[in-house]
Number of protein chains: 2
Amino acid sequence: MKLENITTMGKREKRSYDDACGAAHGLELLGERWAILIVRELMYGPKRFGELRAGLPGISANTLTQRLEGLEASRIVQRRKLPPPASAQIYELTEWGYEAEPIIQHLGKWATRSPDHDPTLPLSSASMIMSLKTMIDRRRSERVVGRFGFRFGEETFVGRLAHSAMQIWRGEIETVDTTFITDPTTLAAAVYGGVPLAELEASGKLRIEGDRALAERFVTLFPLPAKFV
Amino acid sequence: MKLENITTMGKREKRSYDDACGAAHGLELLGERWAILIVRELMYGPKRFGELRAGLPGISANTLTQRLEGLEASRIVQRRKLPPPASAQIYELTEWGYEAEPIIQHLGKWATRSPDHDPTLPLSSASMIMSLKTMIDRRRSERVVGRFGFRFGEETFVGRLAHSAMQIWRGEIETVDTTFITDPTTLAAAVYGGVPLAELEASGKLRIEGDRALAERFVTLFPLPAKFV
DNA sequence: CGGCATCCGGGAAGATACTG
DNA sequence: CAGTATCTTCCCGGATGCCG
């Protein structure tokens, strides 16, 4: 009995790494399963519970609820209630939460060198957008300038490329040079899989509106790093 | 019975995120508890099993063994046997494993803004060294040039600061301008906690050899980012 | 549909003891 | 010192049911 008490109290609170290293604390904040992917899904704007679930194939409602509670307690996520008549509850990153983007980008870029990475699996829109910002090649994109639209079903994004940097945000598609109308996985096949745009258009999985030459050029700007061994 | 089979086979292999996103694959590689901290411990050179344990307070031998096996299978860590008479087994990062450094650095830097981060906990030497590379302030260090030694018991590191960049590696301390003889946690108190060097010297926890003014200047180059709220 | 509570089974992590 | 064996605890995920 006393032994039980002692061992129970031995854990300061939950399981902690007891390490002043920032990385160790980072793992206490984001180290649980799914946590980083939830932050990824929120990186380009607030989402509802069901939208989060849709971008995280395999997560249970149960686990998603727990993670959101934890992330909210850590002040990485905040929940907000939209004003009536919508009055839906949404989840969004705090200012500090948005600053986690480079962590996820570095992790993603590093992992694509893994011998076991399978780029043909399905992909959420947030993943696709983040990968464009991450994987763009400075040298190849040096002299490319343009405004791009991306339409994935209901979701739309706008991107601006100039001086080797890609900015992308969620928003209405207006005054762009060229628009990709497709789904994230198909766009990945074009950009990372080297599948010709014409072939994807022929099979009805993708449509280009606007400057076609610019679209053709765009999909060549994102080389995958060499695999390790 | 049949239901059991179906649910058992439902898991393709282990628990996978089924997501082409590089970050998701990164979590399959480094997402298990302790994995990133093990990589951190190996970031400045190979270590033996016991040395790893010493830098990871709280890890069980059991778990460390499993993680090393997993990291080896993923080609992030390789194990090597030193030639006789040492013939000890050591663990070291692969070339690709060393490339994970920026992930850990960004994670650590981001997490120090957490309201819950406690920088007074103990710290391993690898954490301390990595934090110096991570947290150095470009502007403040612009015009500081020097070579630094760090002696933590048996372990020694050499650093070179020039043009706002800090390079540090494990090695013998020779031809440096100033040397810190202390332990990682005390150095953190000086660099991040603002504790005066004189006070730490008075209590016998730290000793400076060489250019004292340079040492005093050095400890002002690593401001912590502002907390979030 | 969105979100939370509860129960259950499996597996990963921790404590301890033990072996070469 | 470098792990292995065993046992326990706790986290994760699936299923179900409730409630707005």
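Chain letters run A, B, ... following the sequence lines, proteins first, then strands; residues in each count from 1.
Atom pair Lys81(B):NZ and dC1(D):C1' shows a separation of 13 Å (rounding to whole Å applied). When the C1' atom of dC1(C) is taken as reference, atom CD1 of Ile90(A) falls 17 Å away, rounded to whole Å. One can place CD of Glu32(B) at 16 Å from P of dC11(D), the figure rounded to the nearest angstrom. Distance Leu64(B) CG to dG14(C) P: 11 Å, rounded to the nearest Å. Rounded to whole Å, the distance from CZ on Arg79(B) to P on dC1(D) is 19 Å. When rounded to the nearest whole Å, the span between CD1 of Ile59(B) and P of dT16(C) equals 16 Å. Nucleotide dA15(C) holds its C1' atom 14 Å from the CD atom of Gln66(B), rounded to whole Å. At whole-Å resolution of the value, CD in Glu28(A) and C1' in dC11(D) are 16 Å apart.
Dashed line: the shortest gap from a side-chain N or O of Thr63(B) to OP1 or OP2 of dG14(C) is under 4.0 Å. Proximity of Arg67(A) to the phosphate of dC12(D): a side-chain N or O atom is located under 4.0 Å from OP1 or OP2. OP1 or OP2 of dG3(D) has at least one side-chain nitrogen or oxygen of Gln89(B) nearer than 4.0 Å. Residue Trp34(B) places at least one side-chain N or O closer than 4.0 Å to OP1 or OP2 of dG14(C). The shortest distance between the side-chain N/O atoms of Tyr91(B) and the OP1/OP2 oxygens of dA2(D) is not below 4.0 Å. Residue Arg48(A) places no side-chain N or O under 4.0 Å from the OP1 or OP2 atom of dC1(C). For Arg33(B), no side-chain nitrogen or oxygen approaches OP1 or OP2 of dC12(D) to under 4.0 Å.
At a cut-off of 3.5 angstrom, the base of dT6(C) holds at least one donor-acceptor pair with the side chain of Asn62(A).
Within the structure, every pair that satisfies the ring pair (Phe, Tyr, Trp, His ring centres under 6.0 Å) test and touches residues 29-55 of chain B, not counting sequence neighbours, is listed here: Tyr17(A)-Trp34(B).
No contact: Arg53(A) has no heavy atom under 4.0 Å from any strand.
Annotation: Glu95(A), atom CD; neighbour count of heavy atoms from other residues, nucleotides and ligands within 6.0 Å does not exceed 12.
Remark: the Thr112(A) side chain and the Tyr192(A) side chain contain no N/O donor-acceptor pair separated by less than 3.5 Å.
Leu71(A) has its side chain out of reach of Tyr91(A): every pair of non-hydrogen atoms, C-beta onward, lies at least 4.5 Å apart.
With hydrogens and angles disregarded, no donor-acceptor distance shorter than 3.5 Å links the side chain of Glu155(A) to the backbone of Phe152(A).
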